Amino acid sequence: MQHTVTTTATLDELVFAGRNQTYGAFALRQQYQPTLSRALWLGVGFFLAGLLAPSLFARLLPTTPDKVMIETEFMHVAPPPDVPPVTIPPAEPAPAQNTVRALPPVVLPDRDVPEEQLPPTVEELKDAVTGHETMEGTGEPEVIQPREEAAPTKTETAIETAPLKEEEFLIVEQQPEYPGGLTAMRTFLAKNLHYPTSAATAGVSGKVFVSFVVAADGSLSDVAVLKGIGFGCDEEAVRVMRQMPRWKPGKQSGRSVRVRYNLPITFTLE
């Protein structure tokens, strides 16, 4: 009876079967896995050592802060002496003229007028003024300081500013419209537009694009030709536009505004 023993070959042995396995790539491949494992564990060890080193040093070698002694000397300061309060005499009243009592007038019958209600006489008012009480003054006249006149100020000149230009819109909520609509405008153009003789002679026809502004009151202004065909057609289109009646103005947010409007006018030979 024969016994067959099977051994499991590694990948390296299968790759290097029948080749020289003493040195070279086979030896390197055999040492690669152990070398990689050792490098990995060494890297983990160095990382943990660097992470735990501060804590270990703090536990093993505690540092004690330097002690600083500050000496303080207390001084006994005597209390301040008792100072008697200073009394300020009241200011003397300013000198005043003699005053004569004069009460507000009260309408009473002649028999019921008390003596104190009578107005002061002219003789009493020669050297005195009226007041609430009759008092004797010092006799010195009251000095009235002259009022200081304000320094003349520079005259301000009005600066004329140009009026603000009304905002001009291209697109509004409600576009301007010729009174009566497009049909009425075609009728107006057919009635007032004259074909230039030079254009008719040369057989020129086409569209003239005119730009203009419809103001808030419906009037037309800033009429200009955007694209023309020449031979007098451009001038004729501008002339007719300036003869148009007022349009219905465009509106934005419920108010009439200026709107820039473009209109093509067609010149066709019959």
Side-chain angles (χ1 to χ4, degrees), residues 94 102 104-107 129-132 141-270:
V106 179
V107 180
V129 295
T130 57
H132 296 287
E142 185 178 0
V143 179
I144 300 176
Q145 297 293 338
R147 183 178 179 182
E148 295 182 0
E149 296 182 359
T153 58
K154 296 182 179 180
T155 57
E156 298 181 356
T157 57
I159 301 175
E160 296 183 0
T161 58
L164 296 177
K165 187 177 180 181
E166 189 177 354
E167 186 178 2
E168 188 176 292
F169 292 84
L170 294 177
I171 299 176
V172 291
E173 297 174 355
Q174 184 176 345
Q175 290 290 337
E177 184 183 3
Y178 183 87
L182 292 176
T183 304
M185 184 171 62
R186 291 193 187 99
T187 304
F188 174 84
L189 292 175
K191 182 180 179 181
N192 295 275
L193 194 64
H194 302 292
Y195 214 104
T197 305
S198 57
T201 304
V204 175
S205 63
K207 292 183 179 180
V208 177
F209 292 87
V210 181
S211 175
F212 55 93
V213 174
V214 182
D217 59 353
S219 60
L220 306 185
S221 61
D222 297 341
V223 182
V225 176
L226 293 179
K227 182 180 180 182
I229 58 178
F231 293 89
C233 297
D234 304 345
E235 294 78 3
E236 180 65 16
V238 172
R239 184 191 66 82
V240 173
M241 290 300 305
R242 289 175 177 171
Q243 291 183 354
M244 278 191 176
R246 292 178 182 267
W247 285 37
K248 295 181 181 178
K251 292 187 178 181
Q252 181 73 13
S253 300
R255 65 184 183 91
S256 300
V257 295
R258 289 170 57 91
V259 182
R260 171 69 63 175
Y261 199 92
N262 298 330
L263 180 68
I265 300 178
T266 304
F267 289 83
T268 305
L269 288 172
E270 296 180 355

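All residue numbers in this chain count up from 1 along the given sequence. Just so it is clear, the model here is predicted, and its values are computed rather than measured.
You'll find the side chain of Phe212 stays beyond 4.5 Å of the side chain of Val238, heavy atoms only. The side-chain heavy atoms of Met241 and Leu220, taken from C-beta on, include a pair separated by under 4.5 Å. Proximity of Arg260 to Asp222: side-chain heavy atoms (C-beta onward) are separated by under 4.5 Å at one or more points.
Residues meeting the side-chain hydrogen bond (donor to acceptor under 3.5 Å, both in side chains) test with Glu236, sequence neighbours left out: Arg239. Under the side-chain contact (heavy atoms from CB on, under 4.5 Å) criterion, Ala216 pairs with Glu166, Ser256, not counting sequence neighbours. Checked against side-chain hydrogen bond (donor to acceptor under 3.5 Å, both in side chains), Asn262 has the following partners two or more places apart in sequence or in another chain: Ser211. For Arg242, there are no salt bridge (charged side-chain N to carboxylate O under 4.0 Å, His left out) partners at least two apart in sequence or on another chain.
The environment of CG in Leu269 is crowded: more than 12 heavy-atom neighbours from other residues, nucleotides or ligands sit within 6.0 Å. A 6.0 Å sphere centred on CZ of Phe267 holds more than 12 heavy atoms belonging to other residues, nucleotides or ligands.
Closest heavy-atom contact between Pro176 and Val259: CD-CG1, 3.8 Å. In this structure, Phe188 and Gln243 approach most closely via the heavy-atom pair CZ-O, 3.7 Å. When all heavy atoms of Cys233 and Pro196 are compared, the pair lying nearest together is N-CG, 3.7 Å. Looking at every heavy atom in both residues, Gly218 comes nearest to Pro249 through N-CB, 4.2 Å.
Atom CG of Leu263 and atom OH of Tyr178 lie 11.0 Å apart (nearest 0.5 Å). Summarising the geometry, atom CZ belonging to Arg258 is positioned 12.0 Å from atom CG belonging to Leu170; distances are rounded to the nearest 0.5 Å.
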For residues 200-209, tabulate all N or O donor-acceptor pairs below 3.5 Å that involve a side-chain atom, not counting sequence neighbours.
unit_1: Thr201; atom_1: OG1; unit_2: Thr197; atom_2: O; d: 2.8

side-chain contact (heavy atoms from CB on, under 4.5 Å) between Leu189 and Met244, intermediate numbers included: CA-CA 9 Å; Leu189 292 175; Met244 278 191 176; 3.8 Å; yes

Stepwise side-chain contact (heavy atoms from CB on, under 4.5 Å) check, Ile265 with Leu193: CA-CA 10 Å; Ile265 300 178; Leu193 194 64; 3.8 Å; yes

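Residue pairs meeting the salt bridge (Lys or Arg N to Asp or Glu O under 4.0 Å) criterion with at least one partner in residues 175-199, sequence neighbours excluded, do not occur; the list is empty.
In this structure a side-chain-to-backbone donor-acceptor pair under 3.5 Å is present from Gln252 to Glu173.
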